[in-house]
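To keep things clear, I will list the structure first and then write my remarks on it.
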Amino acid sequence: MENVSIQCLYYFLKLMMTASAAGAGKSVIWYYSLSLVRDRRLILFASSATIDDILRLQKSGLASLAFFYCDFRDGQKKDRRGLLSSLLIQLGEQSDVWSAILSRFYEDHRRGFEQTYASDSELVGCLKDMLKLPGQATVHIVIDALDECPVTTGSQFPRGEVLEIVEDLVNLQIPNLRICVTSRPEADVLPVLEPLAFHSVSLHSEDGQFHDIAEYVKSFVHNDREMRRWKATDKQLAIEMLTKKADGM
């Protein structure tokens, strides 16, 4: 059919909008391990498997986990303050001593019956106090979809500020701290994260990534209400075009 290319373009855009939802995966995984074992930025177990492994350690008391998923559609999930607030609350729930630090921090910002807002730098200071406390289990911080943080918002630079936090935490050289970051390889992300990484994986260059994309596209084409009515040859052409245009994303 003559207009199959135009229809494929439409479905490519539709497919990419679907694939960009939570859980679709990101292009690069970095693992930062500051222990003596040099295992690319956060060690690769693959996103969900990584979390499962850490959760098992957490249940046995051998690890703590704080997870932050960046989302440009949610005002509390796309900037430095949202990240810091989330990490503090999650860690505070996992240790009595961390909870005590957080409680003191809260009390320090009370004025009678009024609650004053801590600055971002004060939130960073509280997080560092927690992480530097000796004798704690290994801390795993996972920041997923960092590229979802916008480059600019008004006069603010949310993505750059989150990157600064990551860089700052890595440079603390805390032996029991592990940081995992996933992101598309954006031009402003790579120069910051690459020098920090012990281990990184570019999914663009992984054979499994292309296979998963092909399977996802095939499933999408065969299950979409409109595309199911296409001829078999048109479906196959659409699958080939959409897989190629996905470019590893």
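What you are looking at is a predicted structure, and each value in this text was computed from that prediction instead of being measured.
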Discussion item. Does I141 form a side chain to side chain contact (heavy atoms under 4.5 Å, CB included) with F68? I'd like the steps, not just the answer.
Written reply: CA-CA 8 Å; I141 295 176; F68 186 76; over 6 Å; no

Could you please spell out the steps behind the side chain to side chain contact (heavy atoms under 4.5 Å, CB included) verdict for D188 and R159?
CA-CA 9 Å; D188 59 327; R159 189 186 296 172; 2.9 Å; yes

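Side-chain contact between I101 and L133 is present, with at least one heavy-atom pair separated by less than 4.5 Å. At a threshold of 4.5 Å between non-hydrogen side-chain atoms, the residues L91 and V139 count as touching. Looking at I165 and I143, their side chains never come closer than 4.5 Å, going by heavy atoms from C-beta outward. Inter-residue side-chain proximity for K128 and L172 is flagged as met; some heavy-atom pair is nearer than 4.5 Å. Residues I239 and H222 form a side-chain contact, since some pair of their non-hydrogen atoms from C-beta on lies under 4.5 Å apart. Side-chain atoms of S95 and Q136, non-hydrogen and from C-beta on, do get closer than 4.5 Å to each other.
Neither F157 nor F72 shares a network with the other; the hydrophobic side chains, linked directly or stepwise wherever heavy atoms of I, L, V, M, F, W or Y lie under 4.5 Å apart, form separate groups for each. Both M130 and V97 belong to a common hydrophobic cluster when Ile, Leu, Val, Met, Phe, Trp and Tyr are linked at side-chain heavy-atom distances under 4.5 angstrom. Note on L57: it does not cluster hydrophobically with L177, by side-chain heavy-atom contacts below 4.5 Å among ILVMFWY residues. Both L84 and V192 are part of a single hydrophobic cluster, where members link through side-chain heavy atoms under 4.5 Å apart. Linking ILVMFWY residues whenever their side-chain heavy atoms come closer than 4.5 Å, directly or via other members, places V142 and L55 in the same cluster.
Expressed to the nearest 0.5 Å, how far CG of D108 lies from CZ of F105 amounts to 8.0 Å. Of the inter-residue distances, the one linking S85 atom OG with D79 atom CG reads 8.5 Å to the nearest 0.5 angstrom. Note that CG of L127 is 9.5 Å distant from CG of D168, once rounded to the nearest 0.5 Å. One distance of note links SG of C70 with NZ of K77; it measures 10.0 Å at 0.5 Å rounding. The structure places CG of L88 at 11.5 Å from OG of S99, a figure rounded to the nearest 0.5 Å.
For D96, the CG atom counts as loosely surrounded, since its 6.0 Å shell holds 12 or fewer non-hydrogen atoms of other residues, nucleotides or ligands. At most 12 heavy atoms of other shown residues, nucleotides or ligands fall within 6.0 angstrom of atom CD in Q76.
Ionic pairing of D71 and R73 is present here: one or more N-O contacts between side-chain nitrogen and carboxylate oxygen are shorter than 4.0 angstrom. Salt bridge annotation for E107-R104: absent, with no cationic side-chain nitrogen under 4.0 angstrom from a carboxylate oxygen.
The two atoms that bring A63 and I54 nearest to each other are CB-O, 4.4 Å, heavy atoms only. Residues G92 and L102 approach most closely at CA-CD2, 4.3 Å, considering heavy atoms. Closest heavy-atom contact between D120 and R80: OD2-NE, 3.0 Å. Contact between Q94 and Q90 at its shortest, heavy atoms only, is NE2-O, 3.0 Å. F67 and S86 make their closest contact through O-OG, 4.0 Å (heavy atoms, listed as atom of the first residue, atom of the second, distance). For M227 against K235, the heavy-atom pair with the smallest separation is O-CE, 3.3 Å.
In this structure a side-chain-to-backbone donor-acceptor pair under 3.5 Å is present from S119 to E122. In this structure, the side chain of T182 engages the main chain of A145 through a donor-acceptor pair within 3.5 Å.
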